[in-house]
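Read the structure below first, then the notes.
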Amino acid sequence: MIMGLAFILLASLLSTAVLCSPTERASYSLVDNCTGSSSFFSCFDFFTSRDPTNGHVRYLSQSDAQAQGLISASENSVYVGVDYKNKAPNGRPSVRLQSKKLYNRGLFILDLAHMPASSCGSWPSFWSWGSETAWPGSGEIDIIEGVHTNTVNAMSLHTAEGCSISGTGLAGRVVTKDCYVHATGQTENAGCGIESASGSSFGTSLNSVSGGVYAMEWTASAIKIWFWPRASVPAALGKSNPNPSEWGLPDANFAGNCDFNRHFKDHRLVIDTTFCGDWAGVVWDSNPTCKNLAKSCQDFVANNPGQYAESYWRINSLKVYSQ
Ligand SMILES: *[C@@H]1O[C@H](CO)[C@@H](O)[C@H](O)[C@H]1NC(C)=O
C-alpha cells in the first residue's frame with residue numbers, strides 16, 4: 001500500500017517534470033510592446049544629428065516627419081518613409097528611430113509588412129549598437145541590412161578585437177568569421193557576416209511576399225537571427241510567450257570564440273533608411289545596374305525623388321522580451 005502510494009507520487013512528480021521540460025516552458029516574457037498608433041513611436045527617439053554613416057540624408061524630427069508625411073500610424077501598423085517628391089541636393093529627408101531604452105540580452109521581434117525596396121542609392125537597416133563614442137567596443141548587431149538592388153539580407157556583428165564565430169548551426173551562408181572591425185584578411189569594417197538563406201529576406205523580395213517576421217535572440221553565449229516570410233510565420237509567435245528552442249535552425253548563428261557579455265553592452269535598437277554613405281556610396285560603381293544611372297550615388301539620390309516612393313517601412317510591431 002505504502003509502496004503503491006510512493007509509486008504514484010513518484011509517477012506524478014515525473015509527469016510534472018516532463019510538463020516543465022525546456023520546450024514546454026515559456027522562456028521569455030514581454031517587456032516592450034511597440035505597436036501601432038497607441039505605442040510604436042513612444043518607444044523611440046527621432047535621431048536628428050548628422051548621419052554617423054555619412055549618408056546623403058537629412059534625418060527629421062518627429063514633428064517635421066509628421067508634417068511632411070514621412071511618418072503615420074494606424075491602430076495596427078506604422079509607416080516610416082522618406083521624401084519622394086522633392087529634389088534633395090542637401091540630403092534626402094528621412095527618419096532614423098532609436099529606442100529610448102538600452103538593452104542587454106533579450107529577444108527582439110520585428111513584424112514587417114513592408115520595408116524600403118531594393119532601390120539604387122538606398123541603405124535601409126534594422127540594427128542595434130552601444131553608442132557612437134563607444135563603437136565598436138560595445139558592439140553592433142545588424143539584423144536587417146543591404147544596399148541598392150540587394151534582395152538577400154546581410155546580417156553581421158561588429159566588435160573590438162577578440163570575437164569570432166565558428167560558422168555552424170545555421171541555415172544562412174557564412175561570409176566572414178571575425179567580428180573585429182579591423183580583422184586582417186577581411187575588408188575593413190566587414191565584421192563577421194552571414195547572408196540569409198531566404199530569397200525573400202530583403203527589400204523588394206520581402207515586400208513581394210507581404211513581408212515577414214525577424215527575430216533576434218541575444219544571450220550570453222550567442223546572437224541568433226530567424227526570418228520567416230509571411231506565409232511561414234509560426235502561428236504561436238505573438239500569441240504566447242515565444243520560445244526560440246522550438247524554432248529550429250536560425251538563419252544566422254553568431255557563436256564561437258566570443259564573450260557576448262563583454263563585447264555587447266547597452267544597445268539601442270535603430271530603424272533607419274539612409275542613402276549612399278559609407279556602404280551604399282562606396283559600392284555605387286561596383287553595382288552594374290546602379291552605376292549606369294548616374295555618375296555618383298549622391299547625384300542619383302538627390303535628383304530622382306520618384307525612385308523612393310517604395311522606400312518605406314510598414315511595421316506591424318516591435319516586441320522585446322526578456323528571460
Ligand atoms: C500589444 O499592443 C497592441 C496595441 O495596443 C495590442 O493590440 C496587443 O494585444 C499587445 N500585445 C501584447 C502581447 O500585449
Side-chain angles (χ1 to χ4, degrees), residues 19-47 61-63 65-67 69-81 95-116 124-128 141 143-144 201 206-207 209-219 223-248 250-251 266-273 312-323:
L19 282 175
C20 293
S21 71
T23 50
E24 298 275 337
R25 190 169 50 219
S27 39
Y28 281 99
S29 50
L30 187 65
V31 290
D32 292 301
N33 175 8
C34 312
T35 302
S37 48
S38 64
S39 60
F40 185 83
F41 289 117
S42 58
C43 291
F44 295 95
D45 290 319
F46 283 65
F47 174 94
S61 66
Q62 180 160 12
S63 53
Q66 186 96 46
L70 269 58
I71 58 166
S72 63
S74 68
E75 194 184 331
N76 300 318
S77 70
V78 299
Y79 169 96
V80 181
V95 169
R96 171 164 157 150
L97 303 171
Q98 301 206 149
S99 67
K100 287 182 176 160
K101 279 200 193 171
L102 301 178
Y103 298 98
N104 287 288
R105 297 170 296 283
L107 178 63
F108 306 83
I109 302 186
L110 184 71
D111 187 327
L112 290 174
H114 189 281
M115 70 170 285
S125 58
F126 169 48
W127 54 294
S128 73
I141 306 169
I143 305 162
I144 306 178
S201 53
L206 179 100
N207 299 337
V209 297
S210 308
V213 175
Y214 270 94
M216 186 269 281
E217 185 188 33
W218 166 12
T219 68
I223 289 169
K224 298 178 182 181
I225 299 170
W226 286 263
F227 167 67
W228 302 276
R230 182 63 53 202
S232 354
V233 176
L237 210 67
K239 281 190 184 140
S240 57
N241 293 357
N243 187 349
S245 67
E246 295 170 348
W247 296 345
D251 201 12
D266 297 333
H267 274 211
R268 258 179 232 294
L269 299 169
V270 184
I271 298 171
D272 71 62
T273 306
Y312 67 89
W313 301 86
R314 168 69 68 184
I315 301 167
N316 295 328
S317 64
L318 170 70
K319 290 177 181 164
V320 180
Y321 299 80
S322 73
Q323 233 155 11

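In this chain, residues are counted from 1 in sequence order. Atoms within each ligand, like the ligands themselves, are counted from 1 in listed order.
For the salt bridge (Lys or Arg N to Asp or Glu O under 4.0 Å) condition, no pair includes a residue of residues 34-45, sequence neighbours left out.
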Sequence neighbours excluded and cut-off under 3.5 Å, please list the side-chain donor-acceptor pairs for residues 315-323, or say none.
residue : atom : partner : partner atom : Å
N316    : ND2  : D111    : OD1          : 2.8

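A donor-acceptor contact under 3.5 angstrom links the side chains of S245 and N243, judged on distance only.
Using the six-membered ring where Trp is involved, F40 and F44 have ring planes that are tilted, between 30° and 60° apart. Aromatic ring pairs are classed by plane angle as parallel below 30°, tilted from 30° to 60° and perpendicular above 60°; the pair W228 and W247 is perpendicular.
With sequence neighbours excluded, the residues satisfying ring-ring contact (aromatic ring centres under 6.0 Å, His included) with Y312 are Y79, H114.
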Could you list, one pair per line, each nitrogen or oxygen of ligand 1 together with any protein nitrogen or oxygen closer than 3.5 Å, giving atom names and the distance rounded to 0.1 Å?
residue  : atom   : partner : partner atom : Å
ligand 1 : 2 (O)  : N33     : OD1          : 3.4
ligand 1 : 2 (O)  : N33     : ND2          : 2.4
ligand 1 : 5 (O)  : S38     : OG           : 3.2
ligand 1 : 11 (N) : N33     : ND2          : 2.9
ligand 1 : 14 (O) : N33     : ND2          : 3.4

